[in-house]
Trainee: 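Okay, here's the structure, questions in a sec.
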Protein chains: 2
Amino acid sequence: MKAEELLLKHKLRKTGNRLAVLSLFAGHSKAFSHSEIQAKMGSNMDRVTLYRILDAFEKCGILHKIPDDEVSVKYALCDHDHSVEHHHSDDHAHFKCHECGDTICLEDYEIPSLKSPHGFRVDEKFLLLGGVCDQCQ
Amino acid sequence: MKAEELLLKHKLRKTGNRLAVLSLFAGHSKAFSHSEIQAKMGSNMDRVTLYRILDAFEKCGILHKIPDDEVSVKYALCDHDHSVEHHHSDDHAHFKCHECGDTICLEDYEIPSLKSPHGFRVDEKFLLLGGVCDQCQ
DNA sequence: TAGTTAAATGAAACAATGTTGCAAAAATTA
DNA sequence: TAATTTTTGCAACATTGTTTCATTTAACTA
């Protein structure tokens, strides 16, 4: 869909900043972090404005968020009783309750091994389930 | 495994700070963020010290990281051609290349619906694959 | 088209998070 | 106990995210 139509459809005003952000995404079929977009925009766009544009786009369904694997993480104890020396988060899922905010390991849920995309080598898998835990129901 | 043994095994010195962190994890079978641990420790432990303890524990396999779903995210364009109004990150996987750092949507890979743990309601699913993409091989 | 209205922006201030370097303190080793 | 190496705390700094408010701009209306 064209950038202008997208904005119109969601009752967002057509501004230079928004069109610039949309054209960045339209030009590459990949995900960008706030700082990556910021860098592409140079000093033309205020940092705060970009936060607001991303929020607005996400709220109305133009963009979606993807959690990153590096920062803002939680830590959980590795399970040393399972006779495995190092257990990474690779091989099991985690569940985060949106009521109490707790995150727990789901030891029993091995992540099904999807066949990887052509030419891609998959080294690790993070599966995070979000919802409401039994305590908070 | 007892805290002291764990430290000894990984050639980490037995200090009050490290024992305190280990006992926190031992007492609850869930994951904690840096700031959560910080709060539990009070002002006894320096912020930087905690960063270093978590790094050390993760490096030697005592703890593992779990990406969180709220902050430090990337944004990707929603796929409006698929006739679905809102496509969230819920229903498909993402792949992050550790060479070039790019993150892409894997539109074709629907996340298999695991049966949720007893009493848990699952509202959303994030599956992030990490590895090396075809370009970087 | 000009004036009005509501949204969007930029700037400043602030809070939270994460990193680095260095000197002091503490834990192991000899 | 003394020597050695690791760990710690502190200061300084960089990055990331939020809030408030005045100004500008886009869309609407007469």
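As the structure is a prediction and not an experimental result, all values here were calculated from the model. So you know, we letter chains A, B, ... as the sequences are listed, proteins then strands, and number each from 1.
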Trainee: Between atom CG in Asp55(A) and atom P in dA8(C), what is the gap in whole Å?
Mentor: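 After rounding, the gap between these two atoms is 12 Å.
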
Trainee: Nearest 0.5 Å, what's the CZ-NE2 distance between Arg121(A) and His98(B)?
Mentor: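 So the CZ of Arg121(A) and the NE2 of His98(B) are separated by 9.5 Å.
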
Trainee: Using atom types as modelled, flag every donor-acceptor pair under 3.5 Å from a side chain in residues 11-28 of chain B to any protein atom, sequence neighbours excluded.
Mentor:
{"unit_1": "Thr15(B)", "atom_1": "OG1", "unit_2": "Arg18(B)", "atom_2": "N", "d": "3.3"}
{"unit_1": "Arg18(B)", "atom_1": "NH1", "unit_2": "Arg13(B)", "atom_2": "O", "d": "3.1"}
{"unit_1": "Ser23(B)", "atom_1": "OG", "unit_2": "Ala20(B)", "atom_2": "O", "d": "3.1"}
{"unit_1": "His28(B)", "atom_1": "ND1", "unit_2": "Leu24(B)", "atom_2": "O", "d": "3.2"}

Trainee: Are Ile62(A) and Met41(A) connected in a single hydrophobic cluster, I mean Ile/Leu/Val/Met/Phe/Trp/Tyr linked by side-chain heavy atoms less than 4.5 Å apart?
Mentor: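 Yes, because Met41(A) and Ile62(A) connect within a single hydrophobic cluster, where side-chain heavy atoms sit under 4.5 Å apart.
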
Trainee: Can you tell me which nucleotide in dG10(C), dT7(D), dC10(D) comes closest to the side chain of Arg18(B)?
Mentor: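 Ranking dG10(C), dT7(D), dC10(D) by closest atom to the Arg18(B) side chain puts dT7(D) first.
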
Trainee: By ring pair (Phe, Tyr, Trp, His ring centres under 6.0 Å), which residues pair with Phe95(A), not counting sequence neighbours?
Mentor: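 With neighbours one apart ignored, the set is Phe120(B).
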
Trainee: dA7(C) C1' sits how many Å from Lys59(A) NZ, rounded?
Mentor: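 It works out to 14 Å between those atoms.
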
Trainee: Under the criterion side chain to side chain contact (heavy atoms under 4.5 Å, CB included), I'd like the reasoning laid out for Phe32(B) against Lys40(B): C-alpha separation, chi angles, the key distance, then a yes or no.
Mentor: CA-CA 10 Å; Phe32(B) 295 96; Lys40(B) 302 268 183 187; 4.2 Å; yes

Trainee: Taking 4.0 Å as the cut-off, does a side-chain nitrogen or oxygen of Asn17(B) come that near to OP1 or OP2 on dA26(C)?
Mentor: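 False: Asn17(B) side-chain N/O out of range (4.0 Å or more) of dA26(C) OP1/OP2.
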
Trainee: Between Gln38(B) (CD) and dT17(C) (P), how many Å, whole number?
Mentor: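 About 9 Å, once rounded to whole Å.
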
Trainee: Using a 4.0 Å heavy-atom cut-off, does Asn44(A) contact any base of the nucleic acid, only the sugar-phosphate backbone, or nothing at all?
Mentor: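 Since only primed, P, OP1 and OP2 atoms lie under 4.0 Å of Asn44(A), the category is sugar-phosphate.
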
Trainee: Following the transitive rule for hydrophobic clusters with a side-chain heavy-atom cut-off under 4.5 Å over Ile, Leu, Val, Met, Phe, Trp and Tyr, establish whether Tyr51(B) and Met45(B) coincide in one cluster.
Mentor: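 Shared cluster, no.
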
Trainee: Tell me: CG of Leu54(B) to P of dT17(C), nearest whole Å?
Mentor: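 Spelled out: CG on Leu54(B) to P on dT17(C) is 14 Å.
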
Trainee: Listed by chain and number, what are the side chain to side chain donor-acceptor pair (under 3.5 Å) partners of Ser35(A), not counting sequence neighbours?
Mentor: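 Ser35(A) satisfies side chain to side chain donor-acceptor pair (under 3.5 Å) with Ser33(A) only.
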
Trainee: How long is the straight-line distance from CD of Gln38(A) back to OG1 of Thr49(A), given to the nearest 0.5 Å?
Mentor: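 Output value for this atom pair is 9.5 Å.
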
Trainee: Can you tell me the distance, in whole Å, between the CE atom of Met45(A) and the P atom of dA11(C)?
Mentor: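 The answer, rounded to whole Å, is 13 Å.
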
Trainee: So what is the end-to-end bend of the helix from dT1(C)-dA30(D) to dA30(C)-dT1(D), with 5 pairs used at each end and the value given to 10 degrees?
Mentor: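 Taking the rotation axis at each end, their angle is 30°.
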
Trainee: Distance check needed: dT6(D) P versus Leu7(B) CG, whole Å only.
Mentor: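 Spelled out: CG on Leu7(B) to P on dT6(D) is 16 Å.
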
Trainee: Applying salt bridge (Lys or Arg N to Asp or Glu O under 4.0 Å) as the test, list every pair that has at least one member in residues 41-56 of chain A; sequence neighbours left out.
Mentor: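 Listed once each, the pairs would be none.
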
Trainee: Leu50(B) CG to dT19(C) P: how many Å, rounded?
Mentor: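 Spelled out: CG on Leu50(B) to P on dT19(C) is 12 Å.
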
Trainee: Going through the distances and angles, do Thr103(A) and Lys30(B) end up as a side chain to side chain contact (heavy atoms under 4.5 Å, CB included)?
Mentor: CA-CA 6 Å; Thr103(A) 302; Lys30(B) 62 172 193 171; over 6 Å; no

Trainee: Tabulate atom names and distances for all N/O pairs under 3.5 angstrom spanning the protein and nucleotides 13-15 of chain D.
Mentor:
none

Trainee: What is the distance, to the nearest angstrom, from the CG atom on Asp46(A) to the P atom on dA13(C)?
Mentor: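 Spelled out: CG on Asp46(A) to P on dA13(C) is 14 Å.
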
Trainee: Give the B/S/- string for nucleotides 20-30 of chain D, one per nucleotide from 5' to 3', where a protein heavy atom under 4.0 Å of the base yields B, of only the sugar-phosphate yields S, and otherwise -.
Mentor: B-----BS---

Trainee: Side-chain donor-acceptor pairs under 3.5 Å in residues 128-135 of chain B, sequence neighbours left out?
Mentor:
none

